[in-house]
Amino acid sequence: MTDNSSHFSPLRGPAANAFAHVEHWVFDLDNTLYPPACDLFGRIDEKMCDFIMRFLDVDETEAKRIQKEFYVEHGTTLAGLMAVHGVEPQQFLAHVHNIDVSAVTPDAALGRAIAALPGRKVIFTNGSVAHAENVITQLGIGHVFEGIYDIVTTDYRPKPRREAYERFIAASGIAPQRAAMFEDLPRNLEVPHALGMKTVWVRPQGESGPERFQRLAHEGGDAPHVHHVADNLTDFLKEIAP
């Protein structure tokens, strides 16, 4: 049972001096800068299922199976579709990210907390720049980020693959030893840890479902590559701000 009685893990809670060296702040987008309860991923899932049904001429049940299997095995559904079926990525991204993001509530407090951090703040997402811009505009926090690095930046190599992070680092110029990364999926923090980044798992509330793709939300959350755990990103950032 996930304990959400406090904002931070009692064993790996924040300490301001643990982040004193950090000059580069790297944030995932979906389910990190906004809570999973907004269910944007549910809408994206529907779009992906629709795309797969049309592209592969399969029914909904088979499309959902392919979608989730590729997500688990390849990092993203897109990566699996490209590797196995030769899907053209831009067509896929334009289709699946054409969603209504109004379920996301503007969050001025989060914007202030991020802005208070010293140094550069960037987004690194397996999604697209267009999707990220839509979301952070809805959140009202677009002004706090210096840049957005997406799946195109990494030549469609998704997190958690090491080459995705290496391409992101090359494109952004961040220094891993002076960086912190915030992610909702523990597996996406393993490589940042290995590269020398401080890692923070933005833990979703509640328990994961029984399916493997659902269990990824918490799987590995107690591993050594997760340095800190935040159940509320805004409060966590306030705690570590200088």
Side-chain angles (χ1 to χ4, degrees), residues 1-20 22 24-45 71 101 103-118 121-127 132 135-136 138-141 144-145 159-160 179-193 197-242:
M1 182 76 175
T2 301
D3 179 9
N4 291 313
S5 59
S6 62
H7 290 307
F8 314 113
S9 163
L11 297 180
R12 290 174 294 161
N17 60 5
F19 293 83
V22 175
H24 303 148
W25 306 86
V26 183
F27 293 87
D28 178 47
L29 178 76
D30 290 308
N31 296 339
T32 298
L33 292 179
Y34 64 85
C38 295
D39 199 31
L40 291 195
F41 241 63
R43 296 174 185 181
I44 294 171
D45 276 356
Y71 168 65
V101 299
V104 174
T105 303
D107 196 342
L110 175 61
R112 289 191 297 269
I114 295 173
L117 300 171
K121 300 95 174 177
V122 301
I123 291 172
F124 177 31
T125 174
N126 275 343
V135 171
I136 62 176
Q138 177 65 18
L139 281 165
I141 64 173
V144 304
F145 294 104
K159 298 177 280 185
M181 184 153 189
F182 298 78
E183 264 278 356
D184 67 303
L185 294 179
R187 74 172 182 174
N188 288 353
L189 292 172
E190 188 167 359
V191 172
H193 160 75
M197 297 187 198
K198 185 69 68 175
T199 65
V200 182
W201 174 34
V202 183
R203 178 168 54 187
Q205 294 185 354
E207 297 182 10
S208 299
E211 300 293 337
R212 178 70 201 285
F213 73 87
Q214 296 169 324
R215 287 188 278 118
L216 288 178
H218 289 87
E219 193 171 85
D222 57 353
H225 66 263
V226 176
H227 303 153
H228 300 273
V229 181
D231 293 317
N232 181 294
L233 178 59
T234 300
D235 287 351
F236 185 96
L237 296 177
K238 288 178 180 178
E239 285 285 322
I240 66 174

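Because the structure is predicted, anything quoted here is derived from the model rather than measured.
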Considering all heavy atoms of both residues, which atom of R187 and which atom of P160 are nearest to each other, and what is their separation?
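Closest approach of R187 to P160, heavy atoms only: O-CB, 3.6 Å.
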Please find the pair of heavy atoms, one from G111 and one from V144, that lie closest to each other, and give the distance.
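Answer, listing the atom of G111 first, then V144: O-CG1, 3.5 Å.
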Using modelled atom types and a 3.5 Å cut-off, is there a donor and acceptor pairing between side-chain atoms of K159 and backbone atoms of F124?
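Checked: pair present.
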Quick one: does M181's side chain get under 4.5 Å of L189's, heavy atoms only?
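Yes, side chains in contact.
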Using the ring of F236 (Phe, Tyr or Trp, six-membered ring only), decide whether R203 places NZ or CZ under 6.0 Å from its centre and within 45 degrees of its axis.
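No, R203 does not sit over the ring of F236.
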Is atom CD of E190 surrounded by more than 12 heavy atoms (other residues, nucleotides or ligands) closer than 6.0 Å?
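Not more than 12 within 6.0 Å, no.
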Strictly distance-based, threshold 3.5 Å: is any side-chain N or O of D107 a donor or acceptor partner for the main-chain N or O of L139?
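The answer is no, because no donor-acceptor pair under 3.5 Å joins these two groups.
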Grab the two heavy atoms, one from T199 and one from V226, that are nearest each other, plus how far apart they are.
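Nearest heavy atoms, T199 then V226: OG1-CA, 3.5 Å.
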Could you tell me which non-hydrogen atom of T32 sits nearest to which non-hydrogen atom of E183, and how far apart they are?
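For T32 and E183, the tightest heavy-atom pair comes out as OG1-C, 3.8 Å.
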What do you reckon, are the aromatic ring centroids of H218 and W201 less than 6.0 Å apart?
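Aromatic pair counts; centres sit under 6.0 Å.
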Using every non-hydrogen atom in the two residues, find where D28 and T125 come nearest and quote the distance to one decimal.
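Closest approach of D28 to T125: OD1-CA, 4.1 Å.
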What residues, two or more places apart in sequence or in another chain, satisfy side chain to side chain contact (heavy atoms under 4.5 Å, CB included) together with H24?
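H24 satisfies side chain to side chain contact (heavy atoms under 4.5 Å, CB included) with R120, I174, A175, R178, A179 once adjacent residues are dropped.
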Take Y34 and Q138 through the test side-chain contact (heavy atoms from CB on, under 4.5 Å) and record every step on the way to the result.
CA-CA 10 Å; Y34 64 85; Q138 177 65 18; over 6 Å; no
List the atom of E219, the atom of P186, and the distance in Å for their closest heavy-atom pair.
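Nearest pair, atom of E219 first, then P186: O-CB, 3.3 Å.
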Side chain to side chain contact (heavy atoms under 4.5 Å, CB included) against P36, all qualifying residues, sequence neighbours excluded
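In terms of side chain to side chain contact (heavy atoms under 4.5 Å, CB included), with neighbours along the sequence ignored, P36 is linked to N31, P204.
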Could you walk me through whether F145 and L33 pass the side-chain contact (heavy atoms from CB on, under 4.5 Å) check?
CA-CA 12 Å; F145 294 104; L33 292 179; 3.8 Å; yes
Might you work through the side-chain contact (heavy atoms from CB on, under 4.5 Å) test for F19 and L117, ending with a clear yes or no?
CA-CA 10 Å; F19 293 83; L117 300 171; over 6 Å; no
